[in-house]
Student: 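Before we start, here is the structure in question, set down as structure tokens.
Residues take their numbers from the sequence shown, with the count starting at 1.
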Amino acid sequence: NSMAAMRSRRVLGAIALLALFVCAPAQNATVDVAEGEGGLGPGCPFEITVPWTYAKTVTVDMSEDVEVDQDDPMALSTVCTCPASEGMSTTCTCEGPKEDDCDAYAQMLAGTFLTSEKFMGIFMHMDTASKEYHIENIAFWTILGQILVWIGFIMILYSEIKTVIIIREKDERDRLVMMNYLRRNEKETERLNKHDEDAMVPRPYLTVGGGVLLWLGLVCQLTPFCKVISLLFPGLGDVNEWCMVLVLVGTLVLALSFFLLLVGLIWSCTRRWAALVLIALGLLGDLMVFGGLASIVVWVALAIGVLLAYFKWAPQHYEEQGQPYPSWLEDLGNIVRVGSTMHELSEAMSKGGEALKEESREVMGEFPGGKKALEGLDSLAETLARAPSGGVQQPEEGFQAADAGKDSQPAR
């Protein structure tokens, strides 16, 4: 593990060196060279002024970042110390025991590594940060968030696609009856409508529950990164004060916009105008979530107004006028209205379980040998239902009854 950590740190150091070699802060640094003193190499120590400040004293040891053999001419043992300071810049002192620890090559790398330490310190010291800030917890919350997002996504897909299939079948039946291809049977129509209504009872619970899991998954993924952001961008100050608020509000809007977009795409083949409204709001929300709190507030107000106007106020207006709905006004049924009592919840769960059982039987029947297996299970269930409930005691009662009947017969 230590070797792997050293290799990863070496790779990160090389990437940082390559990426930041041409960065402006390092190029703007000024170097003042002094004469060698005592055990220091020639030109040591030298001073380098960087255009930023440090909240506390920082020490950068280049021997930890440039890990090569000591006999290699690229090897360095230069150490730069930058004191805490106030103002616009900081003067750091660099020194080393070898002859080439303060040459032009070392002076060039000093500015680069000081820049890396300032703006990419979390990557330069990943091992230390992992122990201090428990970065493995970030991986846990990220994986948990992914699981919740996928569960919510699948719940929404299952609930809405199932509803779309039911509505399409109902629309097709009505179309065939209207075109006189199918004779209306009131009793059969009532039975089919009752079956469809029962199958759609769990819909709002699954759809709303999926949306909530979607939001919680995004929160779990982004919340731990508030600390990481403060480590990556120390110049922003203490971001923890506003990061949680931004995460909660931002993920809520992002989840709502994705929810509207997903539901709109699912209904686009059946209710095109209603789907167009949802897709437009979803795409607009995905764009405005990056515009800050002001744009988020505008989108929320706009989304609430459009949804209420299209799905509630406009239908009420035409119903009060006694007029049929225009072609552009379409209904998607009950998506978000859930029951408020335990009886309604238990009824929805019961009907949802029955519908899931029926769908599972239909799917199983499509496999080779599935119908025979279902017939065998039905026969076994029927046999068990007819079995006496008294266990082994029931036959004894039967024998007693038979003996009693035998005793009551007259003797020949």
Side-chain angles (χ1 to χ4, degrees), residues 145 148-149 151-153 155-157 159-160 163-164 167 200 203-223 225-226 229 236 239-321 323 325-340:
L148 293 178
V149 166
I151 292 176
F153 179 75
M155 288 174 62
I156 297 172
L157 283 182
S159 176
E160 293 304 308
T163 305
V164 167
I167 294 300
M200 290 192 295
R203 179 200 180 189
Y205 298 91
L206 292 174
T207 303
V208 173
V212 172
L213 289 179
L214 195 68
W215 173 58
L216 292 178
L218 293 176
V219 171
C220 289
Q221 292 182 69
L222 295 181
T223 298
F225 286 95
C226 288
I229 291 174
L236 296 178
V239 299
N240 290 323
E241 297 179 357
W242 52 267
C243 185
M244 279 301 301
V245 177
L246 186 61
V247 165
L248 291 176
V249 176
T251 53
L252 180 61
V253 174
L254 190 62
L256 284 175
S257 59
F258 181 76
F259 175 85
L260 294 176
L261 179 61
L262 179 60
V263 174
L265 291 175
I266 294 173
W267 281 91
S268 59
C269 60
T270 303
R271 297 290 187 267
R272 294 179 177 84
W273 288 106
L276 181 61
V277 173
L278 298 181
I279 292 174
L281 289 176
L283 291 176
L284 185 61
D286 289 335
L287 295 176
M288 297 187 69
V289 71
F290 299 102
L293 292 177
S295 62
I296 288 176
V297 172
V298 172
W299 180 83
V300 170
L302 178 64
I304 293 175
V306 171
L307 293 176
L308 287 177
Y310 187 87
F311 292 103
K312 184 177 181 180
W313 297 333
Q316 288 179 353
H317 171 74
Y318 284 100
E319 289 176 0
E320 293 174 356
Q321 298 294 327
Q323 299 177 359
Y325 290 173
S327 60
W328 54 266
L329 186 60
E330 298 172 333
D331 185 21
L332 299 183
N334 179 20
I335 297 181
V336 297
R337 291 191 298 272
V338 297
S340 57

Student: Could you note down all residue pairs passing side chain to side chain donor-acceptor pair (under 3.5 Å) where residues 295-310 supplies at least one of them, sequence neighbours left out?
Tutor: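 Every pair satisfying side chain to side chain donor-acceptor pair (under 3.5 Å) with a residue in residues 295-310: there are none.
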
Student: Output every pair passing side chain to side chain donor-acceptor pair (under 3.5 Å) with a member in residues 249-260, not counting sequence neighbours, ordered by first then second residue.
Tutor: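 Listed by first then second residue: Trp215-Thr251, Ser257-Asp286.
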
Student: Show the nearest heavy-atom pair for residues Ala309 and Pro315, with the distance to one decimal.
Tutor: O-CD, 4.4 Å

Student: Does Trp273 CH2 have over 12 foreign heavy atoms under 6.0 Å away?
Tutor: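 Counting neighbours around CH2 of Trp273, 12 or fewer heavy atoms of other residues, nucleotides or ligands fall under 6.0 Å, so no.
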
Student: Under the salt bridge (charged side-chain N to carboxylate O under 4.0 Å, His left out) definition, can you give me all pairs with a residue in residues 245-257, not counting sequence neighbours?
Tutor: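 The answer is none; no pair qualifies.
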
Student: Could you tell me the separation between the CG atom of Leu157 and the CG atom of Leu206, rounded to the nearest 0.5 Å?
Tutor: 12.0 Å

Student: What is the distance from atom CH2 of Trp313 to atom CG of Leu307, rounded to the nearest 0.5 Å?
Tutor: 10.5 Å

Student: For residues 246-263, pull every pair meeting salt bridge (charged side-chain N to carboxylate O under 4.0 Å, His left out), keeping only residues two or more places apart or in separate chains.
Tutor: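 Passing the test, one end in residues 246-263: no pairs.
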
Student: Holding to side-chain hydrogen bond (donor to acceptor under 3.5 Å, both in side chains), I want the full list of residues that pass it with Tyr318, two or more places apart in sequence or in another chain.
Tutor: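 Partners of Tyr318 under the side-chain hydrogen bond (donor to acceptor under 3.5 Å, both in side chains) test: none.
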
Student: With sequence neighbours excluded, what pairs up with Glu330 under the salt bridge (charged side-chain N to carboxylate O under 4.0 Å, His left out) test?
Tutor: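 Glu330: no salt bridge (charged side-chain N to carboxylate O under 4.0 Å, His left out) contacts found.
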
Student: Sequence neighbours left out, what passes side-chain contact (heavy atoms from CB on, under 4.5 Å) with Val306? Give chain and number order.
Tutor: Val277, Leu281, Leu302

Student: Just wondering, do Leu278 and Trp267 contact through their side chains at under 4.5 Å, heavy atoms?
Tutor: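 Answer no - side chains too far apart.
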
Student: Looking only at non-hydrogen atoms, find the nearest pair between Val149 and Leu218 and report the distance.
Tutor: CG2-N, 3.9 Å

Student: Could you list the residues that satisfy side-chain hydrogen bond (donor to acceptor under 3.5 Å, both in side chains) with Thr207, not counting sequence neighbours?
Tutor: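 Ser159, Glu160.
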
Student: Taking only residues two or more places apart in sequence, or in another chain, which ones meet Thr270 in a side-chain hydrogen bond (donor to acceptor under 3.5 Å, both in side chains)?
Tutor: Arg168

Student: What are the two closest non-hydrogen atoms of Gly145 and Cys220, and how far apart are they?
Tutor: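 Closest approach of Gly145 to Cys220, heavy atoms only: CA-CB, 3.8 Å.
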
Student: Got a sec, which residues hit ring pair (Phe, Tyr, Trp, His ring centres under 6.0 Å) with Phe258, two or more places apart in sequence or on another chain?
Tutor: none

Student: Name all pairs fulfilling the salt bridge (charged side-chain N to carboxylate O under 4.0 Å, His left out) condition that reach into residues 264-275, sequence neighbours left out, sorted by first residue then second.
Tutor: Asp171-Arg271

Student: Can you sort out the partners of Gln321 under side-chain contact (heavy atoms from CB on, under 4.5 Å), two or more places apart, ordered by chain and number?
Tutor: His317, Gln323

